[in-house]
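Within every chain, numbering begins at 1; the chains are lettered A, B, ... in the order of the sequence lines, protein sequences first and strands thereafter.
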Number of protein chains: 2
Amino acid sequence: MLDDRKIKILRAIVVDYIATAEPVGSRTIARKYRMGISPATIRNEMADLEELGYLAQPYTSAGRIPSDKGYRFYVDFLMPVVELSQRELNEIRRIFKKRVKELEDLIEETSRVISNLTNYTSIIIGPQLHESRIKHVEILKLSKGKGLLIIVTNYGTVLNQIIELPENLTDSDLTRISNLFNNFLVEKTVDEITPDYMERIKSEMREYEQALDTLIHVLIERLEESKENGKVFASGSSRMLDFPEFKDVEKARNFLSLIEEEDFMVRVLKYTSKPNQITISIGNENPWKELREFSIITTNFSVGGKNLGIFGVIGPTRMDYSKVVSILNKVTAYLNDALSTLI
Amino acid sequence: MLDDRKIKILRAIVVDYIATAEPVGSRTIARKYRMGISPATIRNEMADLEELGYLAQPYTSAGRIPSDKGYRFYVDFLMPVVELSQRELNEIRRIFKKRVKELEDLIEETSRVISNLTNYTSIIIGPQLHESRIKHVEILKLSKGKGLLIIVTNYGTVLNQIIELPENLTDSDLTRISNLFNNFLVEKTVDEITPDYMERIKSEMREYEQALDTLIHVLIERLEESKENGKVFASGSSRMLDFPEFKDVEKARNFLSLIEEEDFMVRVLKYTSKPNQITISIGNENPWKELREFSIITTNFSVGGKNLGIFGVIGPTRMDYSKVVSILNKVTAYLNDALSTLI
DNA sequence: ATTAGCACTCTCGATATGAGAGTGCTAAAA
DNA sequence: TTTTAGCACTCTCATATCGAGAGTGCTAAT
């Protein structure tokens, strides 16, 4: 294990590098962090730390920068808990004081605040409906042959889907079918609504067999989809171009295309996050080589203990971990609170 | 007016510059575009064209590049109509063959195709509900004190809004209120639902006066909002970094922040577009100085002659205007068609 | 065990240089 | 009168050179 002095030096390097993005030299540390030992001694320690894998040197005779392992050590053992400033707190509160329209908007706003406060890119996966309960089902006729299937869940999420209806179906037929669906589906969780279960509806109403066939098919497909895939929002990807890490346009381009690939980002967030805790994934710890130079910090939000969605911050490995963690902590608390009173 | 030879030269310069992003010299034109006149003659003509404001010189003794006026002339008089390739046609058809879930998804997909095919950034304002008719209103109880107001329009768009309900309201109260709302609102256009009109509902049901008060307020607010503001989608902003215009990170950063500002982009699209035609706005023709170096091509989509939304492509003034116009034309046709059968 | 001293390494910014592309002008050719 | 060849000139851009500066590792002294 590292001795006390090595730890102090490692901490100084990580902190300084996060702040300046410049490789940190022995002289800087001695002067700026008042270690009480000479640069030469620090140099020796730094050589040790490099050998142990905590530091790296961009090129011979430059200062040192933290390696992924260095950041990991910092994150696990050294990172301070920072208090948010009054300004930051106000900004968070402001969002959650506004009256909400839809769940989705609240979540989108949340993503925006996180990005504003951290200056990194924020990504959020909206409500996943796994454990939600059906509140209401409605089938409406829009025009000849076209209808709209509407499903409402107890989280206030509304799914809808344009469907084809047999032209001879009357309004009262539709009402009967709607009622039947409601009888079968209301208060069931999305997970409980299996194709098998739905087969029973068909036997209830043989007369509409054909209409029900497609209807049920569409409904199941739609629910299946919403189980896993909440909508994805990303905010503040342009902010990243402020960091020296992206002064090279090629790198900026790669990062932005990555963010635009929603499916990929969903997989990343899902893989990275663990329920009810903040997880930090640093550089090469990510199993995707495209993310080798990024760190991802994720957490989830929930209501009544049920996991609803995931959000995360992505930035260069030289990330202000402690600030991001504080902000995520605070925002999650507010969001969970808002959700539980909202619903 | 320009004589024939000047026009030929101007065209050559615009075409070449759009393709290469390099200032075009007299020699290049003589060789590549086989004018049958010598570079010296071309030089004289180019000097004239510059004096007339159609060309500009990035610096003394570089080649010429088109000015905004030059592009404008090209767009108005010289631009060829290009046929789409089979590949491009297929890509467009593929999108519109898929079964649609919601109107919004179709629109989002459309935006994505446009960006894919043009390689520029595509922006789209989703359905504005001005002239849509209310199909159905539903008020559901989600939990104690919380409810959900759902409004369905004849375009299959579903608005929803979480609301507070008096705790003592029973389910049958809600049904009565829902029915009342439906009686008053169904088949009305969004524009027709004014606060005055809604006052009459209250007089119908004095017993629920307080509940109705907030309910009506929320409903009107929600409709008001949806009249103007469809959701905004942007696709392919990262693509822009491929253009040499953005090799400077600072410029890339500015562009991306611009795109992220949805409100601004909505204003731009609305100001730029004219109903039922493709409009092209070049560089300084845009009244916003932030857009001085960009061109915007917009058009709108509609169903049954009613304007539903706007979409546009934004890119550097050195834009492949004819290609973008062809693609927008084709996509609008397909989209309008899809919308009319969808609804 | 620590540190001063020093030679050495590497980057980075400034400066110089030359090739290349292109122009405008003049004078000759058509 | 119009076109063109020729040429001197301008400006950019890529490359090379150079020195300052920052930082290191090693050695020897403390």
Side-chain angles (χ1 to χ4, degrees), chain A residues 2-10 12-17 19-67 70 244-245 247-249, chain B residues 2-10 12-17 19-67 70 244-245 247-249:
Chain A
L2 300 181
D3 65 54
D4 228 48
R5 198 168 66 186
K6 284 198 174 56
I7 289 182
K8 259 190 179 150
I9 291 174
L10 177 57
I13 292 177
V14 172
V15 168
D16 204 75
Y17 187 65
T20 65
E22 300 285 337
V24 190
S26 53
R27 192 95 129 277
T28 316
I29 298 181
R31 245 201 323 240
K32 217 157 139 188
Y33 296 86
R34 317 216 125 271
M35 293 263 147
I37 46 179
S38 78
T41 313
I42 294 177
R43 278 204 286 286
N44 288 328
E45 296 285 38
M46 281 176 16
D48 289 353
L49 282 168
E50 179 167 0
E51 207 168 335
L52 292 167
Y54 293 98
L55 295 179
Q57 224 171 353
Y59 49 86
T60 355
S61 64
R64 300 302 207 294
I65 64 176
S67 65
E245 277 86 349
K247 67 172 194 306
D248 177 14
V249 182
Chain B
L2 301 181
D3 64 54
D4 228 46
R5 198 168 65 184
K6 283 197 176 55
I7 289 182
K8 259 191 181 151
I9 290 174
L10 178 56
I13 291 176
V14 173
V15 168
D16 203 74
Y17 187 64
T20 66
E22 299 285 338
V24 190
S26 53
R27 191 99 129 276
T28 315
I29 297 181
R31 244 201 324 239
K32 219 156 136 189
Y33 295 86
R34 316 215 125 274
M35 295 262 147
I37 46 181
S38 79
T41 313
I42 296 176
R43 277 204 286 285
N44 288 329
E45 296 285 38
M46 282 177 13
D48 289 355
L49 282 167
E50 179 167 358
E51 207 168 335
L52 292 166
Y54 293 98
L55 295 180
Q57 222 171 355
Y59 49 84
T60 357
S61 65
R64 299 301 206 295
I65 63 177
S67 65
E245 277 86 348
K247 68 172 193 306
D248 176 14
V249 183

Any side-chain heavy atom of [X] within less than 4.5 Å of one from [Y]?
X	Y	result
Thr41(B)	Arg5(B)	yes
Leu2(B)	Leu52(B)	yes
Ile13(A)	Ile9(A)	yes

Can you name the residues that form a salt bridge (Lys or Arg N to Asp or Glu O under 4.0 Å) with Asp48(A), not counting sequence neighbours?
->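 Listed in chain order: Lys6(A).
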Please output the side-chain donor-acceptor pairs of residues 21-36 of chain A that fall under 3.5 Å, not counting sequence neighbours, one pair per line with the distance.
unit_1   : atom_1 : unit_2   : atom_2 : d
Ser26(A) : OG     : Arg43(A) : NH1    : 3.2
Lys32(A) : NZ     : Asp16(A) : OD1    : 2.7
Tyr33(A) : OH     : Asp16(A) : OD1    : 2.7

Partners meeting side chain to side chain donor-acceptor pair (under 3.5 Å) with Thr20(A) (sequence neighbours left out) =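 Here no residue qualifies.
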Among all residues two or more places apart in sequence or in another chain, which pass the side chain to side chain donor-acceptor pair (under 3.5 Å) test with Ser67(A)?
->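 Not a single residue meets the side chain to side chain donor-acceptor pair (under 3.5 Å) criterion with Ser67(A).
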For atom [atom1] of [X] and atom [atom2] of [N], their distance in whole Å:
X	N	atom1	atom2	answer
Ile29(B)	dT3(D)	CD1	P	16 Å
Glu22(A)	dG23(D)	CD	C1'	13 Å
Ile65(B)	dC11(D)	CD1	C1'	15 Å
Lys247(B)	dA14(D)	NZ	C1'	14 Å
Ile42(A)	dA22(D)	CD1	P	17 Å

Kindly give the atom pairs (protein nitrogen or oxygen, nucleotide nitrogen or oxygen) under 3.5 Å for nucleotides 24-30 of chain D.
unit_1  : atom_1 : unit_2   : atom_2 : d
dT24(D) : OP2    : Ser26(A) : N      : 3.3
dT24(D) : OP2    : Ser26(A) : OG     : 2.7
dG25(D) : OP1    : Arg64(A) : NH2    : 2.9
dG25(D) : N7     : Arg43(A) : NE     : 3.0
dG25(D) : O6     : Arg43(A) : NH2    : 3.1

Could I get a table of every N or O pair under 3.5 Å where one atom is in the protein and the other is in nucleotides 27-29 of chain C?
none

side-chain contact (heavy atoms from CB on, under 4.5 Å) involving Asn44(B) - partner list, sequence neighbours excluded =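 Applying side-chain contact (heavy atoms from CB on, under 4.5 Å) to Asn44(B) gives none.
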Residues which pass side-chain contact (heavy atoms from CB on, under 4.5 Å) with Ser61(B), listed by chain and number, not counting sequence neighbours |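 With sequence neighbours excluded, Ser61(B) shows a side-chain contact (heavy atoms from CB on, under 4.5 Å) to no residue whatsoever.
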Salt bridge (Lys or Arg N to Asp or Glu O under 4.0 Å) partners of residues 54-65 of chain A, not counting sequence neighbours, each pair once |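 Listed once each, the pairs are Glu50(A)-Arg64(A).
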Can you list every pair that meets ring pair (Phe, Tyr, Trp, His ring centres under 6.0 Å) and has a residue in residues 36-60 of chain A, with sequence neighbours left out?
->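 Pairs touching residues 36-60 of chain A that pass the test: Tyr54(A)-Phe73(A).
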Nearest-nucleotide wise, let me know which of Tyr59(B) and Glu45(B) is further upstream toward the 5' end of DNA chain D.
->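 Final value for this comparison: Glu45(B).
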Strand contacts (DNA chain D) in residues 30-39 of chain B, 4.0 angstrom heavy-atom criterion =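 Listed by number, they are Ile37(B), Ser38(B).
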